[in-house]
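Structure record follows, encoded as structure tokens.
Since the model is a prediction, treat every value here as computed from it, not as a measurement. Chain naming here is simple, since letters A, B, ... match the order of the sequence lines and numbering starts at 1 in each.
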Amino acid sequence: MSEVRVRFAPSPTGFLHIGGVRTALFNWLFARQQQGTFILRIEDTDQSRSTDESIQAIIEGMKWVGLDWDEGPFRQTERMELYRSHAMKLLEAGQAYWCVCKAEELEARRKVAEAKGFSPRYDGRCRDAQVTNPPADAALRFKAPQEGLIVVDDLIKGTITFDNSAADDLIILRSNGYPTYNFSVVVDDALMRITHVVRGDDHLTNTPRQIPIFEALGFAVPRFGHLPMILGSDKTRLSKRHGATSIMAYKDMGYLPEAMVNYLVRLGWSHGDQELFTRKELIEKFSWNHVQTSAAVFNPDKLLWLNAEYIKTSPPSEVAKALVPLLEQAGLKQEVAAVSDEWLAQLVVLVKERAKTLVDMVEWVKPYFGQVAPLEEEAAKKFLTPAMAPLLQKLVTRFEAFPSFSKQTWEESFKQLVGAEGIKMGALAQPVRVALTGRTASPGLFEVMEVLGRDRTLFRLRTGIERASRG
RNA sequence: GUCCCCAUCGUCUAGCCUGGCCUAGGACAUUGCCCUUUCAAGGCAGUAACACGGGUUCAAAUCCCGUUGGGGACACCA
């Protein structure tokens with residue numbers, strides 16, 4: 001049994017796309033399950049579109065979702081000699097030939113063919129021309145087989161058959177000496193001893209182009225697996241117009257990496273009715289034959305629900321840690337510095353079933369920093385009325401009698417007052433809520449008091465009374 | 001146009017390979033009710049799908065063929 005070696009091979013032409021993350025994820029899961037090797041390879045042979053910032057974005061994104069690689073990142077532009085020498089091997093073996101057709105000519109001929117209703121493939125003009133003294137700007141073409149069948153046993157889609165009569169003589173070395181995608185992948189996948197090439201569905205038709213190159217080079221052909229695409233709500237390929245597609249955009253919107261992983265893996269893979277998976281479970285349970293064969297529509301609602309689940313069930317201290325940078329961004333840098341990690345975790349517990357994202361959570365958590373409750377004008381106007389002042393004063397007097405805060409005793413005392421006054425719970429609770437949090441919606445009152453502590457609770461109640469007296 | 005892939009609730013999916021247990025299950029969303037000091041969360045209930053047409057079979061969501069519909073690929077992009 002040979003060791004499993006898989007790779008994720010993005011091209012650095014933008015941010016890391018969530019579709020890319022999903023592809024990486026399936027590869028990573030398989031590698032971890034099989035105790036194989038996961039390789040990160042940057043396909044940057046298109047020097048006009050590749051950027052260093054994109055490479056950084058890929059690395060940053062991979063790290064954020066916790067997909068660690070065992071080898072790499074390799075950059076194809078650092079491996080040019082390898083592609084050239086293998087291309088020369090094909091030339092010497094008579095399996096490749098120089099093509100002197102100009103790019104513009106090819107373009108024009110393709111258009112003519114298309115207009116006549118023919119397949120827009122290369123017409124093979126230079127195939128038998130035997131160009132032995134190529135000009136500097138000649139391109140090298142692979143002599144693709146013209147008959148026979150290529151049968152691929154796809155890990156996900158099963159047996160797929162392609163007819164070689166439709167095969168094209170691909171350019172493998174451009175006139176500028178750079179290899180093309182279909183050639184550099186083959187050389188790299190072979191040299192890196194990749195055992196399973198798992199990539200997006202959009203590469204399916206590249207497979208019959210690549211297999212003959214593996215064979216011509218004398219390399220073992222790996223297994224292939226083609227993941228279905230992710231679609232937008234209108235069932236077209238997911239793009240910016242459907243919303244955020246960059247993985248880091250989701251970080252910024254307050255999503256947890258574990259939620260992203262869980263969502264992305266369930267989009268196209270299932271394990272019975274299970275919805276929530278730990279990473280360990282994912283590694284254990286992952287299997288190719290439960291990967292869906294059809295494309296899936298990206299559903300932001302379900303992602304949001306999952307994120308809320310993870311906010312509720314993740315260790316509060318970890319959620320707090322992820323929350324801190326967002327609090328700082330929201331202008332609470334000093335306030336955050338003044339409190340303990342434990343208190344922050346307590347704060348997370350207080351609001352965690354109300355916040356669906358960390359960005360939400362920032363809003364929920366704001367009222368609990370600082371001495372004074374930031375009163376919402378409308379709330380204050382409605383509940384902190386002169387008529388309420390005496391009642392609130394009675395409550396404060398009761399609370400002041402307790403030397404320290406106790407949820408149980410304070411709650412009992414509160415209810416006794418409500419009973420004695422013959423009013424409804426809400427009649428007292430809402431004004432108190434506004435005094436304590438400045439808002440009409442908050443977590444349970446006594447949980448709020450607990451987080452605030454005795455002193456601040458009393459302080460905010462007294463401030464509330466002042467406001468109420470003023471009207 | 002040519003080639004390839006795909007087809008279960010609005011969406012993600014279970015079931016399909018190895019036909020009967022399917023009166024088609026779960027989840028998100030949605031609707032109603034319950035809980036309740038507010039807002040959530042939670043609980044319960046409801047609406048909602050095998051694309052269509054032929055076969056094969058005692059029996060088809062499951063196997064076969066066709067139609068339709070969707071997606072992808074056809075570059076000196078990856």
Query raised in the report: NA contact type, P443(A), heavy-atom cut-off 4.0 Å: base, sugar-phosphate, or nothing?
Result: base

Requested in this report: Would you please confirm or rule out a distance under 4.0 Å between OP1 or OP2 of rC3(B) and any side-chain N or O of R209(A)?
Outcome: no

Query raised in the report: Paired with rA14(B): which nucleotide, if any, by Watson-Crick or G-U wobble criteria at under 3.5 Å for both distances?
Result: none

Query - P gap between rA24(B) and rA49(B), integer Å - result: 10 Å

Query raised in the report: Which base, if any, makes a Watson-Crick or G-U wobble pair with rC44(B), both distances under 3.5 Å?
Result: rG32(B)

Query raised in the report: On a whole-Å scale, what distance lies between the P atoms belonging to rG25(B) and rC9(B)?
Result: 14 Å

Report summary line: note: K302(A), atom NZ; rG10(B), atom P; distance rounded to Å ~ 15 Å

Query raised in the report: What is the nucleic acid contact for S48(A), judged by heavy atoms within less than 4.0 Å: base, sugar-phosphate only, or nothing?
Result: nothing

**Report entry** Rounded interatomic separation in angstrom, taking CZ from F224(A) and P from rC5(B)
**Finding:** 16 Å

Query raised in the report: Which value, in whole Å, describes the distance between the C1' atoms of nucleotides rG69(B) and rA75(B)?
Result: 29 Å

Query raised in the report: In whole Å, what separates the C1' atom of rG20(B) from that of rC63(B)?
Result: 14 Å

Query raised in the report: Is the distance from OP1 or OP2 of rC74(B) to the nearest side-chain N or O of T205(A) less than 4.0 Å?
Result: no

Query raised in the report: Hey, does L445(A) reach any base, or is it just sugar-phosphate, or nothing, if we go heavy atoms under 4.0 Å?
Result: base

Report summary line: By the Watson-Crick or G-U definition, both distances under 3.5 Å, rC21(B) is matched with none

Query raised in the report: rC39(B) base to R354(A) side chain: any donor-acceptor pair below 3.5 Å?
Result: yes

Query raised in the report: Do the side chain of S175(A) and the base of rC76(B) come within less than 3.5 angstrom through a donor-acceptor pair of N or O atoms?
Result: yes

**Report entry** is_close_aromatic(F26(A), F286(A)), centroid dist under 6.0 Å
**Finding:** yes

Query raised in the report: When the C1' atoms of rG72(B) and rG10(B) are considered, how many whole Å apart are they?
Result: 24 Å

Query raised in the report: Any side-chain N or O of K235(A) less than 4.0 Å from the OP1 or OP2 oxygen of rU11(B)?
Result: yes

Query raised in the report: D44(A) side chain to S50(A) main-chain N or O, any donor-acceptor pair under 3.5 Å?
Result: no

**Report entry** Same-atom distance (P) from rA51(B) to rA14(B), integer angstrom
**Finding:** 14 Å

Requested in this report: Please work out if L204(A) contacts a base, only the sugar-phosphate, or nothing of the nucleic acid, heavy-atom cut-off 4.0 Å.
Outcome: sugar-phosphate

Report task. Measure the spacing between CG of L170(A) and CZ of F142(A) and express it to the nearest 0.5 Å. Result -> 8.0 Å

Query raised in the report: When all nucleic acid strands are considered with a 4.0 Å heavy-atom cut-off, which category describes D46(A): base, sugar-phosphate, or nothing?
Result: sugar-phosphate

Requested in this report: Remember a base hit wins even if backbone is also touched, and classify H290(A) as base, sugar-phosphate or nothing at under 4.0 Å, heavy atoms.
Outcome: sugar-phosphate

Query raised in the report: Is there a Watson-Crick or G-U wobble partner for rC63(B) with both distances under 3.5 Å, and which nucleotide is it?
Result: rG55(B)

Query raised in the report: Ring centres of F405(A) and F399(A) under 6.0 Å apart?
Result: no

Query raised in the report: How would you label the contact of G268(A) with the nucleic acid (heavy atoms, under 4.0 Å): base, sugar-phosphate, or nothing?
Result: sugar-phosphate

**Report entry** Side-chain N or O of S294(A) closer than 4.0 Å to phosphate OP1/OP2 of rG70(B)
**Finding:** no

Report task. Check every strand shown and say whether E275(A) touches a base, only sugar-phosphate, or nothing at a heavy-atom separation below 4.0 Å. Result -> base

Report task. Tell me what S184(A) touches on the nucleic acid: a base, only sugar-phosphate, or nothing, going by heavy atoms under 4.0 Å. Result -> nothing

Query raised in the report: Would you say a side-chain N or O of K312(A) is under 4.0 Å from OP1 or OP2 of rG42(B)?
Result: yes

Requested in this report: Select from C101(A) and A296(A) the residue whose nearest nucleotide in RNA chain B is closer to the 5' end of that strand.
Outcome: A296(A)

Requested in this report: Mind telling me whether W269(A) and H271(A) have parallel, tilted or perpendicular rings, with 30° and 60° as the class edges?
Outcome: parallel

Report summary line: Rounded to whole Å, the CD-C1' distance (Q292(A) to rA14(B)) equals 10 Å

Requested in this report: Going by the side-chain contact (heavy atoms from CB on, under 4.5 Å) test, name the single residue among V362(A), L326(A), L303(A), N307(A) that passes it with T357(A).
Outcome: N307(A)

Report summary line: From CG of L306(A) across to P of rA29(B) the rounded distance in Å is 10 Å

Query raised in the report: Looking for any heavy atom pair under 4.0 Å, which part of the strands does K356(A) touch: base, sugar-phosphate only, or nothing?
Result: sugar-phosphate

Query raised in the report: If the P atom of rA29(B) is compared with that of rC50(B), how far apart are they to the nearest Å?
Result: 24 Å

Query raised in the report: When we call it a touch if two heavy atoms are under 4.0 Å apart, what does T440(A) touch: a base, just sugar-phosphate, or nothing?
Result: base

Query raised in the report: Which is true for H203(A) with a 4.0 Å heavy-atom rule: it touches a base, it touches only sugar-phosphate, or it touches nothing?
Result: base

Query raised in the report: In Watson-Crick or G-U wobble terms, both distances under 3.5 Å, what is the partner of rA7(B)?
Result: rU68(B)

**Report entry** side-chain N/O T293(A) vs rA7(B) OP1/OP2, d < 4.0 Å
**Finding:** yes

Requested in this report: Return yes if some donor-acceptor pair links the side-chain N/O of H242(A) with the main-chain N/O of L238(A) below 3.5 Å, else return no.
Outcome: no

Report summary line: To the nearest angstrom, the CZ-C1' distance between R199(A) and rC5(B) comes to 14 Å

Requested in this report: State which residue, out of L344(A), V349(A), L358(A), fulfils the side-chain contact (heavy atoms from CB on, under 4.5 Å) condition with V319(A).
Outcome: L358(A)

Report task. Let me know the distance between CG of D202(A) and P of rC5(B), rounded to the nearest Å. Result -> 16 Å

**Report entry** Distance-only donor-acceptor test, D201(A) side-chain atoms vs rG72(B) base atoms, 3.5 Å
**Finding:** no

Query raised in the report: Between S270(A) and P179(A), which has a closest nucleotide on RNA chain B that is more 5'?
Result: S270(A)

Requested in this report: Check every strand shown and say whether F162(A) touches a base, only sugar-phosphate, or nothing at a heavy-atom separation below 4.0 Å.
Outcome: sugar-phosphate

**Report entry** W305(A) side-chain proximity, nearest of rA78(B), rC5(B), rC28(B)
**Finding:** rC28(B)

Report task. For the residue pair R141(A) and I172(A), establish whether any side-chain heavy-atom pair is separated by less than 4.5 Å. Result -> no

Report task. Would you please indicate if the ring centroids of F183(A) and Y178(A) are separated by under 6.0 Å? Result -> no

**Report entry** rG15(B) and rC4(B), which share atom name C1', separated by this distance in whole Å
**Finding:** 27 Å

Query raised in the report: Rounded to the nearest Å, what distance is computed from the CD1 atom of residue I172(A) to the P atom of nucleotide rA75(B)?
Result: 17 Å

Report summary line: Checking N1-N3 plus N6-O4 or O6-N4 for Watson-Crick, or N1-O2 and O6-N3 for wobble, each under 3.5 Å, the partner of rC39(B) is none

Report summary line: M229(A) CE to rC6(B) P, in whole Å, measures 14 Å

Query raised in the report: Under 4.0 angstrom, heavy atoms only, what part of the nucleic acid is D163(A) near: base, sugar-phosphate, or nothing?
Result: nothing

Query raised in the report: Just to confirm, is there a sub-4.0 Å distance from OP1 or OP2 of rA75(B) to any side-chain nitrogen or oxygen of R110(A)?
Result: yes

Query raised in the report: With no angle test and no hydrogens, is the base of rG42(B) tied to the side chain of E353(A) by a donor-acceptor pair under 3.5 Å?
Result: no

